[in-house]
Amino acid sequence: MDLFEIEEPEWVQVEKKEPSKPSFLNDLNKEQRQAVETTEGPVLVLSGAGTGKTKVLTTRIAYILQQQKAMPWQILAVTFTNKASKEMKERLEKMIGADAFSVWLGTFHSIGIRILRKHGSLLGLESNFIVLDSDDQERLLKQMMQEAGVDIKKYTPAGLLDVIQRWKDKGLLPHQVTAMQNSGFCEGRALWFYERYQERLRSLNAVDFGDLLLLPLALFQSHPDVLQQYQKQFHYILVDEYQDTNVAQYLLLRLLAKGHGNICCVGDDDQSIYSWRGAEVENILSFQNVFPDALIIRLERNYRSTAHILGAASHLISFNQGRLGKTLKTADELQDAGEKVKVTGYWSGSQEAEKIIAQIINENKKGIRLSDMAILVRATFQTRQFEEVLIKSGVPYKIIGGFKFYEREEIKDAVAYLRLILNPNDDLAFLRVVNKPRRGVGPQALETLTKTAREKRISLFDAIAWAPLKPLLRKTLDGFISLIKQSQEKMQSAFPAEVVRFILNESGYIQMWKQDKSVESQGRVENIMELYTVLDDFKSIEEFIEYASLVTDVDDETSSDQLVVMTLHASKGLEYRHVYLPGWEEGLFPHQKALDESGESGLEEERRLAYVGITRARERAFISFASNRRMYGQTQNALPSRFVDELPKDHIILSPSLNKAFSMDMIEPAWSKGGFFEQNENAYFEKEPNYGNKSKWSRESLNTSDYEINSYNAYSTVPRQIRKSKRIGKRVHHELFGDGTVIKDAGDALEVSFDSVGVKKVKSAFLEELFT
DNA sequence: GGGTTGCCCGTTTTT
DNA sequence: CGGGCAACCC
């Protein structure tokens, strides 16, 4: 959709005028202006949180165009997310109008795909190649591993995929992986698998996400003429979120910028939180080594947060070593320092969730919109507790980071049907839908088909005609073929949405979900309806497939006022008036696994994550931790995160209950260092801290409400969620359906026989237990 | 071929 | 505690 669909316009002779300084420069501060006006040569803009990096990038593009230094299509601007590229495009359009659409502006991956569509044949790719998602990749690897007789319990496909992905991130094709870089994974056979995997992809005419960067790189390395073409085209290169680039991306950029060296990278080493995905902070740290004459500009003026919030975040991040170093300052020194960051301890994770939501409800009543507040968690499982409370309290909410639209089973199935219509030889799509809904095509039948396909070197779809099949199977598969053929015919005349509707109806796919009695099936049907709507925006199915393979979520611009709950990772680049940061406990945040696997550098990345979290807040930040957290079905004792200790006391305020427990001085000695609390005991509550005897933690103090949670009373009426065990036979109440008896436990939901409306399936969260 | 049971394992996840 | 998946049974 957004992916460079615009052809390069013809060159038009423009009347040469002496360019004047445009007015949009007046909106910039001194450093921002320098970053915009220094168009020639390498520039690294170290842009702290909230210092206006998107503004700098868009203004820089506008400036280059306004100064007539280049035509729009001679500018390459890359971002990481579709969201970021969309935002930049919109902002740019506001500044310069339709020219914005001629700029090569998009994600690294979308640019890679564009290059490969054009030149991929040089690497043996047909231009209609498909892009696999991680599910497809894993399934492929699993199959290969099983064929090779690997114990996939010991060595998981996901593990192998990870190893291969790391090689790709580093820009290494199989033959470029040295013995040194080989992995011990699977007795050192990972490289062998990598080689086979690439071959397999090629025979499927498919690439994976990593290939979208790796293959253009390989193309440039093996075909200097192609590289030269792009070097000549792009006079100016701009890169967003440079701290998140991996080696392959860095190499690509370096090749493209070779010559003029007009490359401007914007990033913040303190916000590098994706190293586990192959991002190399090293890229930003060593920018000056790679481009010795690089100009480095620091944007330190923060236009987002109050002084206390910045003070807390800055002090915390200062514990990290190896930073390029920046000090964020508020935009206006004279302005009110705002409110201190509030730190609270709770008895349990559920109490934490309830109190936070109660406070949010309260703030909402005082006029803060729900969409101005956010809850940012470390791990996705934390969202569940919040969701439960949100459902009960009726607060409109949205959880980001759960299942993405295009990752949903039903959407992927629908897309697979479309892929098959476009190209019946797409074996992966074939395998996905040939027995969905069930047509009686099981492993046995597939085995026969695969064998025939291999012998004749044809696709599975074509193999149907040749394979020795039993009459019944023959009939169903011939029917399947004719269904695809009919859809292809329909495609000639009908809109994409109609084609999907046709195939999903005729194949019985929709029916399959409508008949399914599980709780989710209703939602699945709704998602498919949503898909029809999305498809209306596309002119062709090809275009849609391309879009769907690069985009993970539909941007639903729901204007309705709702509260978001998301992971810290997902929050990067966003801002809210109030930000809640729950779960600051050792083991959860910093996450134990990060510490175990990456030691000190893992800890630093966790700390950067904390920094990202705090700096999302404009006016207020609330940090909290719980002493008891349910994990893996067990309640575990937890200690406050060391990051809590690292907060500067001048910029934080402890909640009343914590204040009772600690004098301000006590925060400094770091309670997590084990001084007076010992782990694995119910330390907070049963041990007497050995400092004075007036203040100590207690259940009572933690249970008292904190701050001004006045409307918390509304909360005491919240029904207790009914317990998982022995649900059947329980008498329950539902707001809409009235009273009833639980007759069946269906995992996430319960089947209840209601006295007045009969049997219904409902989520247990909507039920209140009746005690009779 | 399809449904059921029982066991294992458990971060973050831009494309 | 719960989801996902492989082995197992009908």
Side-chain angles (χ1 to χ4, degrees), chain A residues 3 78-86 106-113 131-134 137 142 146 151-153 156-158 161-162 165 168-169 207-213 240-241 243-246 248-249 271-279 376-384 400-404 406-407 435 438-446 470 472-473 476 546-553 566-574 583 587-598 602 605-606 608-609 612-613 630-636 723-725 745 747-748:
Chain A
L3 312 167
V78 278
T79 63
F80 270 79
T81 60
N82 291 301
K83 202 161 92 191
S85 94
K86 197 177 157 205
T107 62
F108 272 101
H109 292 84
S110 68
I111 283 159
I113 214 171
V131 183
L132 302 193
D133 63 29
S134 53
Q137 297 177 55
K142 186 174 161 193
Q146 280 172 331
D151 177 5
I152 59 164
K153 280 232 173 81
T156 63
L161 179 59
D162 204 54
Q165 208 59 62
K168 293 192 172 187
D169 288 339
V207 298
D208 62 19
F209 281 124
D211 285 343
L212 292 179
L213 308 172
D240 190 18
E241 305 275 20
Q243 77 282 351
D244 288 334
T245 49
N246 61 31
Q249 287 160 330
Q271 290 187 69
S272 162
I273 53 174
Y274 283 105
S275 75
W276 50 275
R277 283 204 108 206
L376 310 181
V377 298
R378 175 62 182 84
T380 41
F381 77 84
Q382 290 173 267
T383 62
R384 280 191 57 182
I400 299 179
F403 261 99
K404 303 278 168 71
Y406 289 100
E407 288 169 2
N435 201 30
R438 297 231 155 84
R439 298 184 174 89
V441 186
Q444 204 81 55
L446 287 176
K470 290 188 190 123
L472 186 64
L473 204 54
T476 28
E546 179 108 336
Y547 175 76
S549 58
L550 285 185
V551 159
T552 47
D553 214 347
M566 67 181 126
T567 62
L568 287 158
H569 283 90
S571 76
K572 196 170 68 160
L574 306 174
L588 177 58
F589 192 34
H591 201 283
Q592 193 56 48
K593 220 155 193 164
L595 301 179
D596 291 346
E597 284 169 14
S598 314
E605 182 146 321
E606 296 286 297
R608 290 193 290 269
L609 208 44
V612 166
R630 270 174 82 89
M631 272 174 114
Y632 309 141
Q634 274 170 335
T635 301
Q636 286 173 350
R723 296 215 156 268
K724 178 84 184 154
S725 57
D745 191 333
D748 200 28

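Atoms considered below: every heavy atom in the structure, side chains included; atoms not considered: hydrogens, waters and symmetry mates. Residue numbers begin at 1 in each chain, while the letters A, B, ... track the order of the sequences.
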Item checked: Pair A:Leu550-A:Leu212, side chain to side chain contact (heavy atoms under 4.5 Å, CB included): steps then yes or no -> CA-CA 10 Å; A:Leu550 285 185; A:Leu212 292 179; 3.7 Å; yes
Check: Which part of the nucleic acid does A:Ala84 contact within heavy-atom distance under 4.0 Å: base, sugar-phosphate only, or nothing?
Finding: nothing
Check: Does CD belonging to A:Gln444 count more than 12 external heavy atoms closer than 6.0 Å?
Finding: no
Short heteroatom pairs, N/O only, protein and nucleotides 2-4 of chain B, under 3.5 Å:
| residue | atom | partner | partner atom | Å |
| --- | --- | --- | --- | --- |
| B:dG3 | OP2 | A:Arg438 | NH1 | 2.8 |

Check: Does any non-hydrogen side-chain atom of A:Leu446 lie less than 4.5 Å from one of A:Val441?
Finding: yes
Check: Which residues satisfy the ring-ring contact (aromatic ring centres under 6.0 Å, His included) test with A:His569, sequence neighbours excluded?
Finding: A:Tyr274, A:Trp276
Check: Which nucleotides of nucleotides 7-15 of chain B have their base under 4.0 Å from a protein heavy atom (B), which only their sugar-phosphate (S), and which neither (-), written as one string 5' to 3'?
Finding: ---BBBBBB
Note to self: Regarding A:Arg277 and A:Asp162, does a basic nitrogen lie under 4.0 Å from an acidic carboxylate oxygen?
What the structure shows: no
Next item on the list: Tell me, please, which residues at least two apart from A:Thr81 pass side-chain contact (heavy atoms from CB on, under 4.5 Å).
Entry: A:Lys83, A:Ala84
Note to self: Tell me every residue that passes ring-ring contact (aromatic ring centres under 6.0 Å, His included) with A:Phe108, counting only those two or more places apart in sequence or in another chain.
What the structure shows: A:Phe80
Next item on the list: Can you sort out the partners of A:Glu606 under salt bridge (Lys or Arg N to Asp or Glu O under 4.0 Å), two or more places apart, ordered by chain and number?
Entry: A:Arg378
